[in-house]
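Counting starts at 1 for both ligands and their atoms, following the listed order.
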Amino acid sequence: MALNNTSSGYNTPESELEGVLPVHPTAARRPHAIVVQSENTSYSDEYITASFQNRGAEVTVSNGQYIVNPTVQSFEFQTKRAPSKTGLMMIGVGGNNGTTLCATILANRHNMVWHTKEGIQQPNYIGSLLRASTVRIGTDSVTGKDVHVPVSDVLPMVHPNDLVLGGWDISSVALDKAMERARVLDYDLQRQVAPHMAVIGKPLPSIYYPDFIAANQEARADNLIPGNDKQAHLEHIRADIRKFKEDNGLDRIVVFWTANTERYSDIIPGVNDTADDLLAAIKSSHPEVSPSTLFAVAAILEGEPFVNGAPQNTFVPGVIQLAERHQSFIGGDDLKSGQTKLKSVLAEFLVNAGIKPLSIASYNHLGNNDGHNLSAERQFKSKEISKSSVVDDMVDANRLLYKAPEIGPKGVPVGKGEHPDHIVVIKYVPAVGDSKRAIDEYYSEIFCGGRNTISIFNECEDSLLATPLILDLTILTELLTRVKYRKTSGEAKEFVPLYPVLSLLSYMLKAPLVKPGTEVVNSLNRQRNALESFLKACVGLESNSDLLLETRIW
Ligand code: NAD
């Protein structure tokens, strides 16, 4: 039933149902990003340049009174207009996320439709903030109504269909069979996409240090870079990145960890606490250098961005220092797909409503390979840590409800201060497969001694929630490599790249990595606001204002 045999241009077999329906709006190609006509914004063939006033305030407290001084700093942002030809190399490409991502991109690329018991289903990018959500850019000049555009239209971005896919896995199973093993996608889609997946073939051999992931993963590990020499492993991965780039004529590769959750690495002075120590530790094959850290170092040394989609502390201090030294981008940690995303909204809602959560109890059970790996204590610990700090900033922002930490003898706060009790339990229940169940109870203090309990049952199709996040992270990361800035107050300076730790990715991440010494923002609303404001600043638009003054005055 070949209805439209236009070649996809990707050297993959034609699909029998290719092109039967119009492309879903979230996957459609719109040729133009928005154009801003303003003295703040200029366009050349190569760049969009926009001036921006960063407005803030400095606060001092004097005798219990807050004295606020508004501040303003002038900047210019310069964005290279042409998106890079981008490759996405996933570590763990043969897993549930990796195969689901490859298969869904292929399905979108070919606009394959498939049958489910509900009827005909078409591919789309629902769940992607960039492709499936919109941003308000102003009001219609005729009707006065709000105008919203897809987030991906604010600045030129890579279309997910154009990502060139590849990566590593310790399991040699080819991607068509690995997709079958994952049991995520409908059979009819698997059937159609399988020949395309087979073209991608077997993952590249990877690094396996059994001490870092659960022992129950050992049976999968049959596709390994030989030997125990970590320096040789590093060189091998660097060569893989270079070859993939060259073979596919790419400008940019995003290296993405979506492999099993590792245990935490110990931070050992002289081993991984500085860039030089870390490089030396790799040379001497120190046992505390994890596979994910090696991959991050390889990407940094190749000048390609690295994103960590799992919770472990890949970014030991030496990695962050190395990224700074090479001005190479890094982002992480841990995809924020289901329970934590909801928690970052609900906890903020409660605290901002003046209600005091006393406890948050979270249970999960899941039956996919991720769940199997997390059933081991040390790997669970990584996940527990990543899930646990999500309410911290909201609690810290409200010292009316929660007591501040005591101040120690040297004037330094001791501990975190009062916090809700917060527990996270994860259990492996094979029967439910990729359909994770998350049960949360929020128990709060309300008016004059009252109590409120909210219970939530959240059934997540884990990989179908995670895959659009991987796409958003990849596309945003590529965009952020094209943005430069300069301060325009004072002497004119050169445009320079952003700081290497991409905290603008926080919306998609459970435990956002931020510039050392700066605060983590977990509030989902604030994370989204930051992203929208940044994209708008790059085209010279004011950040979000819900003041809507025109609706409030005569
Ligand atoms: P998965 O177990 O299906 O896939 C992981 C893959 O990584 C496997 O194919 C495994 O063979 C491979 N692997 C393990 N160690 C490797 C190494 N050193 N090099 C190369 N490959 C290696 O898991 P998944 O469901 O795809 O999840 C992937 C990761 O993303 C996990 O760490 C998980 O905790 C994290 N995560 C997933 C979600 C979600 O909703 N799916 C959310 C947040 C975080």
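M508 pairs in a side chain to side chain contact (heavy atoms under 4.5 Å, CB included) with only one of the listed residues (L476, D334, V307, L335), which is L476.
Protein heavy atom nearest atom 43 (C) of ligand 1, with residue, atom name and distance: L335 O, 3.0 Å. D334 OD1, 3.0 Å is the protein heavy atom nearest to atom 44 (C) of ligand 1. At the top of the distance list for atom 18 (N) of ligand 1, counting protein heavy atoms only, stands I207 O, 2.7 Å. Distance from atom 33 (C) of ligand 1 to its nearest protein heavy atom, with residue and atom name: D370 OD1, 3.2 Å. Protein heavy atom at the shortest distance from atom 42 (C) of ligand 1 is S337 OG, 3.4 Å. In terms of protein heavy-atom proximity, atom 11 (O) of ligand 1 is closest to D169 OD1, 2.6 Å. Scanning the protein heavy atoms around atom 39 (C) of ligand 1, the nearest turns out to be A466 CB, 3.5 Å. Counting only heavy atoms of the protein, atom 37 (C) of ligand 1 lies nearest to N97 ND2, 3.6 Å.
Salt bridge status for K245 with E304: present, with a side-chain N to carboxylate O gap under 4.0 Å. Looking at D434 and R183, no side-chain N of the basic residue comes within less than 4.0 Å of a carboxylate O on the acidic one, giving no salt bridge. We find that E288 and R263 are joined by a salt bridge, their nearest charged nitrogen and carboxylate oxygen being less than 4.0 Å apart. The pair K117-D188 fails the salt-bridge criterion, with no side-chain N (NZ, NE, NH1 or NH2) lying under 4.0 Å from an Asp/Glu carboxylate O. With respect to the salt-bridge test (charged N to carboxylate O, under 4.0 angstrom), the residues D462 and K436 qualify. Between K381 and E377 no salt bridge is recorded (no basic side-chain N to carboxylate O distance below 4.0 Å).
Within ligand 1, counting atoms from 1 as listed, the ones closer than 4.0 Å to a heavy atom of R220 are 8 (C), 9 (O), 10 (C), 11 (O). Under a 4.0 Å criterion applied to the non-hydrogen atoms of A310, ligand 1 contributes the atoms 32 (O). Numbered from 1 in the order shown, with element, the atoms of ligand 1 that lie under 4.0 Å from a heavy atom of T261 read 31 (C), 32 (O), 33 (C), 34 (O). Every atom of ligand 1 is numbered from 1 in the order shown, and the set under 4.0 Å from a heavy atom of N96 is 1 (P), 3 (O), 4 (O), 25 (O), 26 (O). Residue-ligand proximity, D462 to ligand 1, at heavy-atom distances under 4.0 Å covers atoms 39 (C), 40 (O), 41 (N). Distances below 4.0 Å separate heavy atoms of G309 from the following atoms of ligand 1: 30 (O), 35 (C), 36 (N), 44 (C). Under a 4.0 Å criterion applied to the non-hydrogen atoms of S206, ligand 1 contributes the atoms 17 (C), 19 (N), 20 (C). Of all the atoms in ligand 1, the ones that sit under 4.0 Å from a non-hydrogen atom of N369 are 1 (P), 2 (O), 3 (O).
Figure legend: cation-pi geometry between K343 and Y442 absent, as NZ or CZ is not positioned both under 6.0 Å from the six-membered ring centre and within 45° of its axis.
Heavy atoms of L465 come nearer than 4.0 angstrom to ligand 1 in no pair at all. Look at W257 and you'll find a heavy atom under 4.0 Å from some atom of ligand 1. Between N373 and ligand 1 there is no heavy-atom distance shorter than 4.0 Å. Remark: distances from the non-hydrogen atoms of K510 to ligand 1 include one below 4.0 Å.
Using cut-offs of 30° and 60° for the angle between ring planes, the Y209 and H233 rings count as parallel. Ring geometry, Y125 versus H159: the interplanar angle exceeds 60°, so the pair is classed perpendicular (tilted spans 30 to 60°).
Comparing heavy-atom distances from atom 16 (C) of ligand 1 across P291, A259, G95 singles out A259 as nearest. Of the listed residues (N368, T258, L464), the one carrying the non-hydrogen atom nearest atom 28 (C) of ligand 1 is T258.
Under a 3.5 Å cut-off, the side chain of K515 and the backbone N or O of V501 do not form any donor-acceptor pair. Between the side chain of T86 and the main chain of R252, no donor-acceptor pair closer than 3.5 Å is present. Between the N313 side chain and the S265 main chain, a donor and an acceptor come within less than 3.5 Å of each other.
Between P311 and ligand 1, no pair of N/O atoms sits closer than 3.5 Å. Geometrically, ligand 1 and N260 share a nitrogen or oxygen pair separated by less than 3.5 Å.
In this structure, W114 has its ring center no closer than 6.0 Å to that of Y187.
For E478, the salt bridge (Lys or Arg N to Asp or Glu O under 4.0 Å) test picks out R482, with sequence neighbours left out.
Residue D434 does not touch ligand 1, judged by heavy-atom distances below 4.0 Å.
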